[in-house]
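Everything on this sheet refers to the single structure shown next.
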Number of protein chains: 2
Amino acid sequence: MLGIQEVARQLDVTMRTLRFYEDKGLIAPQRVGTTRIYSRREIARMRLILRGKRLGFSIREIKEFLDLYDVDPEHVAQARQLLMKIGERVSALRKQKRAIDQTLEELRLLERQALTLIDGAATARNDDENKHDD
Amino acid sequence: MLGIQEVARQLDVTMRTLRFYEDKGLIAPQRVGTTRIYSRREIARMRLILRGKRLGFSIREIKEFLDLYDVDPEHVAQARQLLMKIGERVSALRKQKRAIDQTLEELRLLERQALTLIDGAATARNDDENKHDD
DNA sequence: TCAATTCTTTCCCTATACGTCAAGATAAAT
DNA sequence: ATTTATCTTGACGTATAGGGAAAGAATTGA
């Protein structure tokens with residue numbers, strides 16, 4: 001049973017973030033008076049949330065997972081929805097990668113153009129110098 | 001030389017978007033009085049902008065790109081700077097790709113877990129049915 | 001017991017990429 | 001000349017994921 005500050009430090013998030021997720025209904029720490037107290041369960045939930053974030057899911061999507069998790073102790077329905085979302089995410093990421101590759105290709109082109117230009121200028125300068133050498 | 005509406009239709013964007021990009025300094029159509037007039041150059045720039053958008057870049061990033069194209073490659077020093085910026089861009093994009101690959105890897109893991117769980121549940125259900133079949 | 005922390009809620013702020021009015025100003029058409 | 005159409009600027013709205021500061025309540029330490 002930890003205070004908000006301790007949890008924030010352990011998870012490397014700010015207290016604001018913990019309150020924010022609570023406000024969004026992702027966690028619900030107990031209270032002692034008005035003060036928030038985090039059980040091991042809440043912290044485990046937070047770790048799930050943070051992983052979801054790392055994987056690029058929105059808070060709303062993460063909430064959907066968690067809600068389902070609560071309603072479905074068998075986890076089967078949850079797993080199915082998770083699979084769907086994973087599929088979406090994977091194809092989005094692959095699309096992003098293709099876009100990056102195209103851009104890299106374009107940049108390589110532009111790079112070659114710049115190099116050619118610089119090289120051309122250097123050659124012209126050398127020609128000029130050689131002319132003086134005559 | 002086209003009016004804003006015609007350009008918007010040709011490029012399939014709204015007039016608001018054209019004004020927005022102008023406000024952000026990405027394009028600078030001429031004016032006849034207060035009315036915007038788009039030359040072929042502006043439209044070409046717009047096509048570059050839209051390509052950047054399709055590739056998932058922010059407007060700020062696209063502006064940097066356009067500024068790069070603007071760095072008139074007549075001058076060698078400017079071409080060198082162009083090369084530098086291209087280098088930065090390339091390594092940024094490669095880093096992004098690596099991040100995406102890591103995320104994809106994690107997603108694959110999660111996917112396998114979900115599949116295993118669903119499969120396990122199905123197997124359990126079938127066992128249950130078979131039990132009834134006895 | 002009094003002051004210093006800690007914690008709380010509330011509210012406004014940020015950035016991104018426009019959408020959506022609103023109110024004027026022009027321009028074209030009749 | 002007047003209506004209608006087009007264009008202009010300005011400003012507020014939207015979603016996301018919190019940041020930051022104010023101001024009051026509760027706890028802790030000397």
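Naming: A, B, ... by sequence-line order, numbering from 1 per chain.
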Using 4.0 Å as the upper bound for N to carboxylate O, is an ion pair formed by [Y] and [X]?
X        : Y        : answer
A:Glu61  : A:Lys85  : yes
A:Arg19  : A:Glu22  : no
B:Arg89  : B:Glu64  : no
A:Arg108 : A:Glu111 : no
B:Arg9   : B:Glu6   : yes

In whole angstroms, how far is the [atom2] atom of [N] from the [atom1] atom of [X]?
X       : N      : atom1 : atom2 : result
B:Ile27 : C:dC18 : CD1   : C1'   : 14 Å
B:Leu18 : C:dA17 : CG    : P     : 16 Å
A:Asp23 : D:dG19 : CG    : C1'   : 15 Å
A:Lys24 : D:dT16 : NZ    : P     : 8 Å

Should B:Leu109 and B:Gln113 count as side-chain neighbours, where that means a heavy-atom distance under 4.5 Å?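 Of all side-chain heavy-atom pairs linking B:Gln113 with B:Leu109, at least one is under 4.5 Å.
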Sequence-distant partners of A:Leu11, side-chain contact (heavy atoms from CB on, under 4.5 Å), two or more places apart: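 So A:Leu11 forms a side-chain contact (heavy atoms from CB on, under 4.5 Å) with A:Val7, A:Val13, A:Ile43, A:Met46, A:Arg47, A:Leu50.
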Please produce a list of atom pairs where a protein N or O lies less than 3.5 Å from an N or O of nucleotides 20-22 of chain D.
{"residue": "D:dG20", "atom": "O6", "partner": "A:Arg16", "partner atom": "NE", "Å": "3.2"}

[X] vs [N]: side-chain N/O to OP1/OP2 distance below 4.0 Å:
X       : N      : value
B:Thr14 : C:dG19 : yes
A:Gln5  : C:dT6  : no
B:Tyr21 : C:dC18 : yes

Mind listing the residues from residues 31-61 of chain A sitting with a heavy atom below 4.0 Å of DNA chain C? Number order is fine.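 Result for residues 31-61 of chain A: A:Arg31, A:Thr34, A:Thr35, A:Arg36, sorted by number.
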If you count the non-hydrogen atoms of other residues, nucleotides and ligands that lie under 6.0 Å from CZ in A:Arg31, is the total more than 12?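 Enclosed.
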